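Lettering follows sequence order; numbering is per chain, from 1. What you see is a predicted model; the values in this text were computed from it and never measured.
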Amino acid sequence: MSPKKDQPKELPKTYDPAAYEGAVYAAWEKSGAFKPVSDTKPKLRKERKAYTIILPPPNVTGVLHVGHSLMITLEDALVRYHRMKGFDTLWLPGTDHAAIATEIKVEQALREEGKDKRELGKAAFVRRAKQWAKDHKHIIEDQTRAMGASVDWSRNAFTMDKAREQSVQEAFKRLYKQDLIYRGSYMVNWCPHDRTVLSEEQVVHKEQEGVLYYLKYGPFTLATTRPETKVGDTGVAVHPKDKRYAKWVGQTIDVEMINGTHQIKVVADEAVDPEFGTGAVKVTPFHDPNDYEIGLRHQLDQLEVIGEDGRMTEAAGKRLAGLDRFEARKKTVDWLKQKKLLVKEEVIKHSVGRCERCDAVIEPRVSTQWFVRMTKIAKTALAFVDDGRLKFAPARFEKTYRMWLEQLHDWCISRQIWFGHPLPAYVNGKGETSLTAKPGFKKSPDTLDTWFSSALWPFSTMGWPKQTADFKHFFPNDVLETGYDIILSWVVRMCLMTAALEVKNPATGRVDPPFHTVYLNGIVRDGRGRKFSKSLGNGVDPLEMIGKYGTDALRFTLATSNAPGADVNFDEQRVVKSRNFANKIWNISRFVINAVEGEAGLDDLQAETLTTFDRGILYKLYRLNQEVERSFHDPAAYDKPGIEPRPAEVRRPRTYDLAHAGNALYQFVWSDFADWYLEAAKVQLRNAETARNTGIILKHVLETALHLLHPLMPFVTEVIWRDGLGRKDPLITGAWPAVHEDLDQPEDGERFDRIREVIETIRRIRAEHKTPAASFVQAYIVTDEPAWIVEAGDVINKLARLSMLRVGQHPPRGDVASAAVGDATVVVPLAGLASDTAAGHLQREIEAKRMEIERLKGRLANKEYVENAPEHVVAETKAKLAEAEAALAKLEAS
RNA sequence: GGGCAAUUAGCUCAGUCGGCUAGAGCGCCGCGUUCACAUCGCGGAGGUCGCUGGUUCAAGUCCAGCAUUGCCCACCA
């Protein structure tokens, strides 16, 4: 604890997040709290272990959505925790240039001005796009601030800034030299709207209804969903074992098309399913991935009939040329009908690939593009998980990672859009490539897939290929936290690039994974488990939530809404609950601050006069500390020397279960501390003998709880710390509270709970007998072990609203209500109360006890149970039985 | 077609080496008493833990099968 203090301020009655959050964030940032401590104290670089997280860079085009909020919440909690634990902590922010998304936005802006990007020209367009990105990136950055993210803005990166440009160029060149990048003509996914090739991952397959047309096709009848491609057919394929068509195989047949009669070769190929349709399939090698393969195997011609713009080419013939592919389909069908070549139409469901950005139907086509060879480097990436250097949380996602690496196809990295990293290579007329300008070679007009730069992010942000001080200290990163929906497009590729570029871990000198753990969060859905969508109108704006309830409330809600890796059902009611929780913390603090004076600490406690409540709450606080640490604990982060984990943490970590931590905190703060200890403290503070201890404990528990809460609820805890308690050193850089092992006394907790049960029991009896809230009743507690209950007498009197309490062996006779609490019995005389149910009540209590005794006796009578169950379980059962029998005896006596 | 999840109170979810009477919040019903908080306090009702078998002294928890829902992967025209 720091001795430095400002004058505490009087806290208002209700916590108003909006009144503090902006200023608190600004103060944190200004103080340098977000930066690694070693930035100002370079000596610490050697002494302290680094803890590094890179923020998955949001698109510059984006605005904050709840998915971002979840990500920021989890990462910030981890970062704040490790900062408080004494790691040299770096959380590095950045944004992604999102090539296609940005290009689309800028095109839109141009269109609104009545301009077209092609008439503007490439150079001007790129300038404009860069400016647009620059103008917009602050939006998502400001929103990241609003979430309270303790990122180091001084290291803010952008996938297209100078340093990252160097990383990208260098990466391309190295891969090219190692023959891991090549250029070639293959079947690719083409978006006719954006006029660029896309990678497999940028194509979204959607199930939709379509028509399967059965056509007369020379001597065959065959089925197709894409009749417009007929003019591009150069073959018909059948299965080699299909007897129906055997006689045609190898022949060339005449087929009537809309643009004349074509000679079509009939081939036999295993790829044809004789069961589907008619068992014969038309082959369009230029425009279908399967047909492309069949065409290669049988040397069929490739005929381009649909152009890059999605319109039919000259080769499609006069009647179709220039038409959009879907118009061409209609026209072809009309023509087929007219010629009586259409046998039937069947409505089917089939999957159609669409562009993930613009939703246009993908047109597969043959095209010359650049690719990264994946198979070789995949082995290294698989080794990362094989030998346990890379772990997934939850572990099941490791399977997804493996699955993808085991069935890998080469990655198409060239794009025909204008905005992006220029592809740093030259090509000549013969298709030869070069990294440098040579006579006859021209600079490639292509740009690189956005994900190419993202794949370098864990080390490009650290200055790679330069061996900067940051690289040496902060690489590899610790945790990569992100949504499970981008394992493939991003996580896998970062690992592949680390392997391909042989980015060495400075600490081990070998190629290690770029992070030791991948922590995956789920997708945020609405309260009923549906995905957010514009058409449902169920979207949630995190900024609106922040405005209404405060950032801490949103964060606490997101952190506690689900188990790790599971989807989050977002329910605004829970944000209300979290807001109320923040307010509860606020008011607890107001009470403690007003009630307690002085700076005495735990060392000043007088052990002899500690009450059951005092010991109990300290024990529960100790357990809470353990529980929260266990939830945050990541064994891998401790791998390097410097910070020793506590033994208990390591025993059974619940890696990254922040929901568990949040629930434990909520339970402790609201129930144990506010509802019980605080109420007991109100009594103890009036007693000269217990007042001093109580004050010390109130303050100690509050201050400790503020620390433990801080990673999840940074704002309210900091405000209380600063304004309420008047602390000068901010909480954000405070040290994680120590635990006092000597407080680990479970019986203290049990006694606390036992007294709680006594009070609850009396209250229940009061309620059952309709005792007016304001009235007082008397109570007897029949017990063999009265000392610590007697000591709590004043508290019981107040909380159960008693006019008299007796503890001892002799309960009153007659008209009473009795209930068992452990082996004790609580007896409340009913004289003067609405007591019609007294006898029934006692009877029910006795009956319940008897049932319990029966059950326990039955279990102990079971030989196999006694022999097989572990000793402590059996002993526990025996103790329970003894307790129940004692309780029954007392009930029957009353 | 292959794989992965989920299924516990009206709703949203906890329940981590199998072991007392399965918990929380919200919602619902009843009552509100002293100066932290009505964004509050106290009490209560509410569950055949999806179904069927199996393992075990003991199953919400482990195993098998089934059902329903969701997600991912896969070239079926």
Side-chain angles (χ1 to χ4, degrees), chain A residues 11 13-15 205 212 222-226 237 271-273 275-278 280-284 288-293 348 350-351 364 394 396-397 399-400 403-404 407 484-485 487-488 522-523 525 527-529 531 549 553 560-563 565-567 569-571 573-574 576-595 652 654 657 659-660 663 666-667 671 674-675 678-679 682 760 763-768 770-775 798-799 801 848 851-852 855-856 859 862-870 872-874 876-877 879-880 884:
Chain A
L11 299 180
K13 200 166 163 181
T14 306
Y15 173 55
H205 292 274
L212 186 62
L222 48 76
T224 181
T225 51
R226 305 193 53 198
V272 180
D273 177 1
E275 304 291 315
F276 188 88
T278 60
V281 60
K282 66 189 207 60
V283 183
T284 321
D288 182 276
N290 294 315
D291 295 2
Y292 173 75
E293 298 291 332
I348 56 159
H350 65 146
S351 140
R396 65 185 137 90
F397 287 110
K399 201 163 181 176
T400 313
M403 223 166 63
W404 199 75
Q407 42 154 43
Y484 66 65
D485 48 332
I487 299 178
L488 268 47
I523 293 167
R525 300 165 183 282
R528 282 150 57 185
K531 258 190 172 170
Y549 308 109
T560 55
S561 280
N562 73 339
D567 288 350
N569 286 353
F570 189 90
D571 181 0
Q573 279 306 308
R574 290 190 68 129
V576 173
K577 167 188 155 186
S578 303
R579 186 268 318 259
N580 296 352
F581 182 46
N583 193 57
K584 191 76 183 179
I585 298 167
W586 184 259
N587 274 292
I588 287 169
S589 307
R590 291 179 64 217
F591 172 79
V592 173
I593 291 162
N594 283 329
R652 282 175 67 198
R654 314 173 61 115
D657 193 348
H660 182 80
N663 290 330
Y666 186 92
Q667 152 77 25
S671 174
D675 288 347
L678 239 62
E679 293 305 323
K682 287 175 185 172
E760 283 170 344
R763 283 171 174 171
R764 199 176 64 240
I765 291 171
R766 290 177 57 113
E768 277 170 9
K770 307 258 184 278
T771 311
S775 73
K798 177 165 179 238
L799 298 189
R801 210 162 170 79
M851 298 266 287
E852 189 186 338
R855 210 177 42 246
L856 295 169
R859 191 175 305 162
N862 181 346
K863 243 186 193 170
E864 296 184 271
Y865 168 72
V866 179
E867 280 165 18
N868 294 320
H872 74 273
V873 174
V874 178
E876 224 170 289
T877 307
K880 287 261 144 41

[options]: which one has an atom nearest the side-chain heavy atoms of [X]?
X	options	result
A:Lys399	B:rU39, B:rA77, B:rC4	B:rC4
A:Arg859	B:rA36, B:rC71, B:rC20	B:rC20
A:Tyr666	B:rC73, B:rG25, B:rA38	B:rG25
A:Asn587	B:rU39, B:rC42, B:rA36	B:rA36

When we call it a touch if two heavy atoms are under 4.0 Å apart, what does [X] touch: a base, just sugar-phosphate, or nothing?
X	value
A:Lys863	nothing
A:His350	sugar-phosphate
A:Thr224	sugar-phosphate

Please determine whether a side-chain nitrogen or oxygen atom of [X] lies at a distance below 4.0 Å from atom OP1 or OP2 of [N].
X	N	value
A:Lys584	B:rG41	yes
A:Lys577	B:rG25	no
A:Asn290	B:rC75	no
A:Asn580	B:rC40	yes
A:Arg396	B:rC4	no
A:Lys682	B:rA36	yes

(request) Classify the side chain of A:Glu679 and the base of B:rA36 as holding, or not holding, a donor-acceptor pair under 3.5 Å. (result) yes
(message) Using only modelled atom types and a 3.5 angstrom limit, is any donor from either the side chain of A:Lys880 or the base of B:rC20 paired with an acceptor on the other?
(response) yes
